[in-house]
Amino acid sequence: MRNKSGQFFGLWLVFITLFFCSFVIYDILVKDASNSMVSPKAVLEVRDGLELFEMREVSLIKDSLVEANRVEVFGTDDFGEEFRGTFIEYVLADEDMTEFIFNDLTLKGKGFEDEARLMNRNFFENGLYSESLTEFENGNLVFGREIIGKEMYLEAKDKYNINFPVDFSFEFSRKYLISFDDGEFEVEVR
């Protein structure tokens, strides 16, 4: 019990910390700091768009499989080519899917939207759904989408208050395992 001033100093620091924490909380609640915060709405919209895109992608895969099966036999290289060509035609015809891909598109960390729009069909055939991502493996067809990304710069609505802009980016790709049993196609995410 030599020096009790150290114990009081520790309690004093706790009191000061709680005081400043309450001051910050009061300042946020009373002065409506939400005007200076970035809304997550754009991030959520992109995530929802990706989910819709992938659901539509699966639907077009199934339609393309049925169409290709009318011309070629499942398991042959010709079937894979016919399927991929039909699928790309369906994707190009679906404006919502192409717009989702092109908006805020990045490839290997660089903005790529304008170049991809100019390449259009070539971008889908040789880039996004390249031939190397379509192959037969153990009697099943493996079909994939190349890794691409989206990037956005999100800012708060009220730029005059203190705000913290956010760089938002993410990459996505997908592979599907397609099997054919008893006249039915089964599409699974790999």
Side-chain angles (χ1 to χ4, degrees), residues 39-152 154 166-190:
S39 171
K41 181 180 178 187
V43 176
L44 297 173
E45 286 174 347
V46 170
R47 184 65 194 150
D48 289 347
L50 177 60
E51 287 180 19
L52 290 172
F53 175 83
E54 288 179 341
M55 285 190 296
R56 183 68 180 137
E57 188 175 55
V58 169
S59 175
L60 292 181
I61 287 172
K62 289 178 180 179
D63 293 346
S64 301
L65 288 167
V66 170
E67 189 71 29
N69 198 38
R70 293 179 186 157
V71 179
E72 298 294 338
V73 177
F74 185 80
T76 64
D77 289 336
D78 290 340
F79 179 87
E81 290 176 23
E82 181 71 25
F83 158 72
R84 190 172 150 274
T86 304
F87 176 77
I88 290 172
E89 287 294 328
Y90 285 160
V91 170
L92 289 171
D94 191 322
E95 191 174 315
D96 292 336
M97 289 183 74
T98 57
E99 279 306 305
F100 174 78
I101 290 295
F102 289 144
N103 287 337
D104 303 313
L105 177 67
T106 61
L107 190 61
K108 298 181 183 173
K110 297 180 182 177
F112 194 68
E113 181 177 343
D114 295 333
E115 293 89 347
R117 285 185 190 274
L118 289 174
M119 294 169 56
N120 201 10
R121 182 180 190 83
N122 193 25
F123 169 73
F124 285 95
E125 285 181 342
N126 300 320
L128 189 61
Y129 298 106
S130 67
E131 191 173 349
S132 64
L133 296 173
T134 305
E135 62 186 1
F136 280 96
E137 185 178 282
N138 299 327
N140 296 320
L141 179 64
V142 177
F143 180 67
R145 177 176 5 104
E146 188 65 54
I147 297 172
I148 59 172
K150 294 201 170 281
E151 188 171 294
M152 295 178 224
L154 306 174
V166 176
D167 282 326
F168 164 67
S169 64
F170 76 99
E171 293 182 336
F172 56 99
S173 67
R174 183 61 55 114
K175 280 196 174 187
Y176 299 98
L177 184 65
I178 303 165
S179 59
F180 185 66
D181 291 322
D182 298 326
E184 293 289 320
F185 289 104
E186 184 68 34
V187 179
E188 298 175 25
V189 175
R190 188 172 193 197

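By convention here, the first residue in the shown sequence is residue 1.
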Exercise. For the pair K150 and V46, evaluate side chain to side chain contact (heavy atoms under 4.5 Å, CB included) and give the outcome as yes or no after the intermediate values.
Key: CA-CA 9 Å; K150 294 201 170 281; V46 170; 4.0 Å; yes
Practice problem: Calculate, to the nearest 0.5 Å, the distance between atoms CD and CG belonging to E45 and N103 respectively. | Solution: 11.5 Å
Practice problem: Could you check V43 against L154 for side chain to side chain contact (heavy atoms under 4.5 Å, CB included), going step by step and ending with a plain yes or no? | Solution: CA-CA 9 Å; V43 176; L154 306 174; 3.7 Å; yes
Practice problem: If a pair satisfies side-chain hydrogen bond (donor to acceptor under 3.5 Å, both in side chains) and one of its residues is in residues 178-190, list it, with sequence neighbours excluded. | Solution: E137-R190
Quiz item: Taking the six-membered ring for Trp, is the centroid-to-centroid distance between F83 and F74 below 6.0 Å?
Solution: no
Practice problem: To the nearest 0.5 Å, tell me how far E95 CD sits from E99 CD. | Solution: 6.0 Å
Quiz item: Between CG of L65 and CG of N69, what distance do you get to the nearest 0.5 Å?
Solution: 8.0 Å
Quiz item: Hey, does V91 have a side-chain heavy atom less than 4.5 Å from the side chain of L60?
Solution: yes
Quiz item: Would you call F123 and L128 a side-chain contact if the rule is heavy atoms closer than 4.5 Å?
Solution: yes
Exercise. Specify whether F79 and F185 have parallel, tilted or perpendicular ring planes, treating 30° as the upper limit for parallel and 60° as the lower limit for perpendicular.
Key: parallel
Quiz item: What's the verdict on side chain to side chain contact (heavy atoms under 4.5 Å, CB included) for F102 and N120, showing C-alpha distance, side-chain angles and the deciding distance?
Solution: CA-CA 9 Å; F102 289 144; N120 201 10; 3.9 Å; yes
Self-check item: Derivation and outcome, side chain to side chain contact (heavy atoms under 4.5 Å, CB included), residues L92 and I88
Solution: CA-CA 6 Å; L92 289 171; I88 290 172; 3.9 Å; yes
Exercise. Would you name the heavy atoms of L133 and E146 that are closest together and state the gap between them?
Key: CD1-N, 3.5 Å
Practice problem: Measure the spacing between CG of N126 and CZ of R121 and express it to the nearest 0.5 Å. | Solution: 10.0 Å
Quiz item: In terms of ring plane angle, is the pair F170 and F168 parallel, tilted or perpendicular, where the classes change at 30° and 60°?
Solution: tilted
Quiz item: For the atom pair CD (E131) and CG (D77), what is the distance rounded to the nearest 0.5 Å?
Solution: 9.0 Å
Quiz prompt | Residues R84 and E135 bridged, charged N to O under 4.0 Å | solution = no
Quiz prompt | From E125 atom CD to N122 atom CG, the distance as rounded to the nearest 0.5 Å | solution = 7.0 Å
Exercise. Hey, could you give me each pair passing side-chain hydrogen bond (donor to acceptor under 3.5 Å, both in side chains) that has a residue in residues 54-68? Not counting sequence neighbours.
Key: E54-R145, E54-R174, R56-D94, E57-Y129, E57-R145, E57-Y176, E67-R70
Quiz item: Is any side-chain heavy atom of T98 less than 4.5 Å from a side-chain heavy atom of F124?
Solution: yes
Quiz item: Do I178 and I61 come within less than 4.5 Å of each other through their side chains, counting heavy atoms only?
Solution: yes
Quiz item: If you take all heavy atoms of T76 and V73, which pair is closest and at what distance?
Solution: OG1-O, 2.9 Å
